[in-house]
Structure formats: structure tokens, C-alpha cells
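Below: one structure, written as C-alpha cells.
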Amino acid sequence: MSSPMLNPNLLLAVPLAPLVGCIIAGLFGKVVGRRGAHMVTILGVAISAVISFMTLLAVIDGARFNATIYEWMVVGGLKMEIGFLVDGLTAMMMVVVTSVSLMVHIYTIGYMSEDPGYQRFFSYISLFTFSMLMLVMSNNMLQLFFGWEAVGLVSYLLIGFWYQRPTAIFANMKAFLVNRVGDFGFILGIGLLVAYSGTLNYGELFAKKDELAQIAFASPLWGGEWMLLTVACICLFIGAMGKSAQFPLHVWLPDSMEGPTPISALIHAATMVTAGIFMVARMSPLFELSDTALNLVLIVGSITALFMGFLGIIQNDIKRVVAYSTLSQLGYMTVALGVSAYGVAVFHLMTHAFFKALLFLAAGSVIIGMRHDQDIRNMGGLRKYMPITWITSLIGSLALIGTPFLSGFYSKDSIILAVGGSSLPAAGFAQFAVTVGVFVTAFYSFRMYFLVFHGKERFGQAHHGHDAHADDHGDDHHHGLAPGEKPHETPWVVWLPLALLAIPSLVVGGLTLVPLLQGDFLKDAITINSELHKGMSQVLPHVEHGAVAMGLHAFVTLPFWLAVGGVVLAWFFYLVKPEIPAACARVFRPLIVVMENKYYMDWINENLLARGARALGVGLWKGGDGALIDGVLIDGSAKGVGLLARAMRLVQTGRIQAYALAMILGVFALLSWKLWPYIEPQLRVLL
């Protein structure tokens, strides 16, 4: 609050400006028309971006903000508020979200120009921007959960944007259900923390972390105790596994490519999927107190980083290659969180947001140029037809594989270094996964690059088989170049965002390396127990020498030569000897089948977990609700009353003689009962 830049009104304008644009485009789209819809939403996001950049500059100068904006209600002393916490982590996320969102909004003008849902699409992406900003700016868990669920809702709407297509409806329902699994864990974690701390506010919660670390309760499954913070952190991380698509809750993200390409860039590359990474970094004071939770984070991230990368090798849909790349890179970020290198994780989050958004939007540009054919086997030689898309795609690919001096290099190599400095039991497997992952990333990235932009031209010929997801145009019939037709460069509203995103993909890593990892920029946002978790110990010596020295040193490291090996192998396989991949596919056919079936995770989810859950539900419904509750307690009591009534009806004859006899017998029975103690001794004597 020390700076005039960080006053509540300006900060409130950051999320509200996109919300206003969303409402106007969504409710009054027919009135304002297409031009009005994109102008008002772009203006709203531009206002947010400008204020976010101003906020970042103020935070660099030392300004901070942490206050309640509006108190909703108080329940039993628990305050439910809307509030903002602006520190280095928040300011960085605000800039990433708004800048990428602005590029996507501009790009959408060209990409969705022929779509009948034009105004609706702009409304949705502005609503997403509002939701994400509310999430990253929150200073309490209630607002965090609101933003968390809101981005999930908008993701559901955008994946199923072309709701006439059955595959899109299946994909958005899959994303919705998988995220519900993660969110169930997330809300359990929040509930545990609130129940034992009595507060929703981050600052008040973190102040009680040492008290919470002493609380344990009996294990409901086996003997011993569970530590409260361990259980709470694991539950929170389950939420992150769903939102940030970590194994085994990753299955929704590749199918989310059913939505239009701009949302792939905005939601599934740069922002929504990073919400889980952001949340764990924000909760670092709690995670630092549980080695068990950190080991789980590390193992899950390692599996995702390596095995999702393998799946990128066999994809032929250009968007799905980039989607599996996103899964793998999110695994890298999760690995960094697991070794307590939270600053490195958010550093990679930031650099990845720019070059992955660039790659998705470049893929969309290729799709436009190819008349909505997404199969990379039908491309080739696009370099001379689409020069701007080609050079920006090359920059994005080089950044992705960690080429020295490009943005991705600094963050990716920092993760590998951090894993090497960790003493956690799972660190050995993690180091293997992230190191091998470098080669895998380089191979599948340049496989796609060479097949799309180099080699012989394969468009306008007989097409390879397509399934429904390979058509990114809102209808189900096949698109593609006609025989003799040539691709074309896209309009300026499409390639301008590519050019603008290429700039941070080149330089933002080197410019922010020292401030983010060594300076005070993130110090008050992230907590590291340096005595126990020494993941950063291997990173800082390299950072101290600066970006240039770190880049030069890369040429003698294993990751650099693995990346070079991946690129050279892709070049040899797909440009020099294209018959080799086909031969390998025949030799390793059983392995390819496993990968084509995505490790059978969909089968396991649908046939074991979903059907098992359904069988359990049916059993509880028919056995518990139907048989026990309805059959015994409700219907049984009614039947019992009916039987009693029928028995009573037998003695209700309406005859006075019968009633008199019953009364006499009753009196006789009562007297006998009362007089029995006196009669019984006399009977004994007589008998």
C-alpha cells in the first residue's frame, strides 16, 4: 500500500474490466455486433494488462498489497471475504495471464472470423480471464476456490464450444468429471485447514503453520497416526493434479483439443493448467512441513514429465503434439515444486506460458493455411508459403527444447539442476525422468517441425485417415487443400500475436533469471525450509554468474547434447531416411499399441473406476436405499402397521357379548397375575 499504484480501486479494475467486456459481448452481442464484441473485450483485457504491468513495476520497487476489498459474511467467527494479495508471485501471474490473454483475443479475430458463435467465444474467453485473475489475486481460500471452479466452468464451456459435435460434448464432459475428482480432494484440503485453523485468510493460516504441524489424528485405515498437514497438503495437491493435468488425472487435457485453437493457447497452455502450480507455490509454507507430500508431488511430476512426452512422439494431429508437450512441461514444473524449488517452478511457468502459447497459436495458423487439415502427415514444405508462421514456430520449438540463451533454457535447466540438489528419496527417479525428457522433448518437437515446414510437399494429395477430432472448424466434414491448391500465410491479426509472443520466448528468461531466482522478488511469497530442502542449492551458483555465463556453460552439459541428439535424430528420421520410422513402428508394434491407447488410462477409468463407482452406486441405491431404507425402515414400518391393523380387526367384531367376554377374561388374567404370588405356594402344598 506504500505505492499509489497499489490502491484497491486500480487492483479491482484488473479483474472487473474483462468481466464487463464478457457481459457486453455475451448479453448484448447481437446489439454490438461482431466488431463491437471483439473491441469491448479486447479493451477490457488491454486495461487489465496495462494495470498489471504498472503493478509489476510497483512491486519491483517494493510495493505490496494485502487487504480485504469486501466482506461477504461472517459465520461463527469465520470471515468470508473478497480480498487481494499482491506480491511478486501475484504480479508475475497477473502479467502472464493478461498479456497472453490479450494476444489470444487479437488472434481470435482472425481465427474465428467465420464462426457463427463469434460473440459468444469472445464472451467466454473474457470470462475466463476474469476468473483466472480472481484466482491469482486472492488473499484467502474462499476466493481461491471461487476462481478455481470458475476457470473449470469456462473450460467446460470452451471445450464444448462447438456443441453440435458429439466428440466436443464428450471431451468437455470428460474434462468436467476428471476435474471434479481433483476438486473433491482440493475442497477436502481446504476444509481440513479451515477446521483446524479457524481462518480462510492466507496470512492468518500461515502464521499458525507450526501449530498445525503438531496436530495428528488416528489413521482410519491402519494403525498409527496421520499428520494433519500431510493429509491437507496431499488433498490440495490432488486438486492441482486435476487442474494441472498430472498423472493419472491428465486424461482430460489431450481431448480438450476439441475446442478452438485459441482456447488451447489460453487455457491449456498458459493459464488454467498453471493454476495448480501457482496454488502449490502459494501454499509453500505448508508443503515445506511435509516431506511425504513433497515426495508424492515429485513422483507424480516425474511420471508425467517422462511418460506424457513419449506419447507426443506418436501423435499426428498438430494440436495433440503440442498438448502432450504441455503435459510433459507441467510435469517439469511439478518436479520443481517437489524439490522445494518453487521459484524455479513459477519461472518455468512464466517462460512456458509464452512459448507454448506461441506454439499453439502457430499450430492454429498452420491449420488455417491448410484449410483446417490438422494431420502433419499431410503437410511438408510450408516454410516458403508461411514464412512468418515458420520462423515463429521455430523460435517456439527452440525455446521448448531448452536452446541456450532462449527463455525455455534458463527455466528448464534450473529444474534439472534443482532436482540434482534434492535429498528426497524420490529425487533419483525424478532426475532420470527430467534428463531423459530433454531428449524426448527435442525429438517430438522437431519431428513435428520438420514434417510441417520442411521436406516434400504432401498437401493436396490423398489424405491420411482422419477421425472426428482432427477437424478444428466446428463441423464434421473433412477439410484440406484441394489438389493443386497451395497454403497461404495468415492475416496480420493472426501472425501479429505470433510475432509479439516470439519476443518474450526469446528474451524473457534471460532478463528475469537473476531477479526471480536470486533476488528478493519472490522472497515474501515463497517459503523454503533451507535446512531440509536444498533443491535450490545447485541452482543458485549458476544463477550468480548471470544469464550469459549460464548459457555458455550449457554447451558442456548433458541436457544440451541430449537436446541436440533429439533434433538430429528427428532430422535424420523424417527428412533423410523417412522409411526408418515406419520400420521402427513395425518392430516395436506392441509398444506403439500401448502408446496409441495412451497407456490404457482411458480404459482403466471407464471400465474399472467409472463402472466400479457406478456398480457401487447401484448397490447402495438398490441395497441400501431401496432394500434397507425403503424396504425395511419405510415400507417395512408401513407393512408392520398394516399387519397389526389386520390382527386388531379380528377382535373388533361389533358384538357386545364378545366385548364383555374379553373384559371378563382380561379382569381374570389381571387378577391371576396379581394374586399369583399368594396362590403359587398353596398350589405347591396341594400338589
Side-chain angles (χ1 to χ4, degrees), residues 56 60 88-89 92-93 95-96 99-100 269-270 274 277 281 305 325-326 328-337 339-359 394-421 431 434-435 437-438 441-442 445 501-522 526 535-564 566-567:
L56 177 64
I60 291 172
L89 179 59
M92 186 200 73
M93 289 297 295
V95 169
V96 169
S99 56
V100 173
T274 60
I277 309 299
S325 166
T326 301
S328 180
Q329 295 305 307
L330 287 166
Y332 273 83
M333 298 175 211
T334 305
V335 165
L337 295 173
V339 296
S340 300
Y342 304 99
V344 174
V346 296
F347 183 32
H348 195 52
L349 182 160
M350 183 260 295
T351 60
H352 174 264
F354 292 113
F355 63 72
K356 189 53 63 66
L358 169 60
L359 284 170
L394 179 59
I395 291 170
S397 298
L398 290 172
L400 171 62
I401 70 170
T403 305
F405 303 108
L406 272 67
S407 294
F409 156 73
Y410 293 105
S411 54
K412 179 185 65 63
D413 270 38
S414 296
I415 292 172
I416 296 171
L417 289 168
V419 175
Q431 187 161 29
V434 296
T435 305
V438 173
T441 302
S445 298
L501 285 168
I503 297 170
S505 299
L506 284 169
V507 302
V508 75
L511 294 176
T512 58
L513 172 70
V514 175
L516 272 176
L517 301 187
Q518 191 179 29
D520 295 333
F521 186 73
L522 292 174
I526 286 170
M536 290 295 292
S537 62
Q538 300 292 316
V539 181
L540 292 177
H542 292 81
V543 176
E544 287 172 358
H545 295 96
V548 174
M550 187 173 177
L552 291 172
H553 178 261
F555 293 104
V556 297
T557 61
L558 178 61
F560 170 75
W561 291 107
L562 285 173
V564 170
V567 173

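All residue numbers in this chain count up from 1 along the given sequence. FYI, side chains are in, hydrogens and waters are out, and symmetry mates aren't considered; it's all heavy atoms of this structure. This one's a predicted model, so the numbers in the text were calculated from it and none came from an experiment.
- Here the closest non-hydrogen pair linking Ser407 and Thr351 is O-CG2, 3.8 Å.
- Looking at every heavy atom in both residues, Val508 comes nearest to Phe354 through CG1-CD1, 4.2 Å.
- Counting heavy atoms from C-beta outward, Thr557 and Ile416 have side chains that stay 4.5 Å or more apart.
- Side-chain N or O atoms of Ser397 include none that pairs as donor or acceptor with a backbone N or O of Leu394 at under 3.5 Å.
- When the options Val514, Val539, Leu513 are evaluated for a side-chain contact (heavy atoms from CB on, under 4.5 Å) with Met550, the one that passes is Leu513.
- What you find for Leu358 and Ser505 is that their closest heavy atoms are CD2-OG, 3.7 Å.
- Side-chain contact between Met93 and Val346 is absent, with no heavy-atom pair separated by less than 4.5 Å.
- Of all heavy-atom pairs spanning Gln431 and Gly420, the tightest one is NE2-CA, 3.6 Å.
- Between Gly510 and Ala547, the closest heavy-atom pair is O-CB, 3.7 Å.
- Using a 4.5 Å heavy-atom cutoff, the side chains of Leu56 and Phe521 are in contact.
- Using a 30° and 60° split on the angle between ring planes, Phe560 and Phe555 fall in the perpendicular class, above 60°.
- Counting heavy atoms from C-beta on, the side chains of Ser325 and Lys356 come closer than 4.5 Å.
- Going from atom NE2 of His348 over to atom OG1 of Thr334 covers 10.0 Å, rounded to the nearest 0.5 Å.
- In this structure, the separation between CG on Leu359 and CD1 on Ile395 is 10.5 Å, given to the nearest 0.5 Å.
- Separating the CG atom in Leu562 from the OG1 atom in Thr441 is a distance of 10.5 Å, to the nearest 0.5 Å.
- Using a 4.5 Å cut-off on side-chain heavy atoms (C-beta onward), Leu400 and Gln329 make contact.
- Checking Leu516, Leu349, Val419, Ile415 one by one against Val344, the side-chain contact (heavy atoms from CB on, under 4.5 Å) holds for a single residue, Ile415.
- Closest approach of Leu517 to Ser414, counting heavy atoms only: CD1-OG, 3.8 Å.
- Only one option out of Ile526, Leu522, Ile277 pairs with Tyr342 in a side-chain contact (heavy atoms from CB on, under 4.5 Å); it is Ile526.
- Ring geometry for His352 versus Phe355: interplanar angle over 60°, hence perpendicular rather than tilted (30 to 60°).
- Counting heavy atoms from C-beta outward, Leu552 and Phe405 have side chains that approach closer than 4.5 Å.
- Between the side chain of Tyr332 and the backbone N or O of Val434 there is at least one donor-acceptor pair closer than 3.5 Å.
- No side-chain heavy atom of Phe409 sits under 4.5 Å from any side-chain heavy atom of Thr403.
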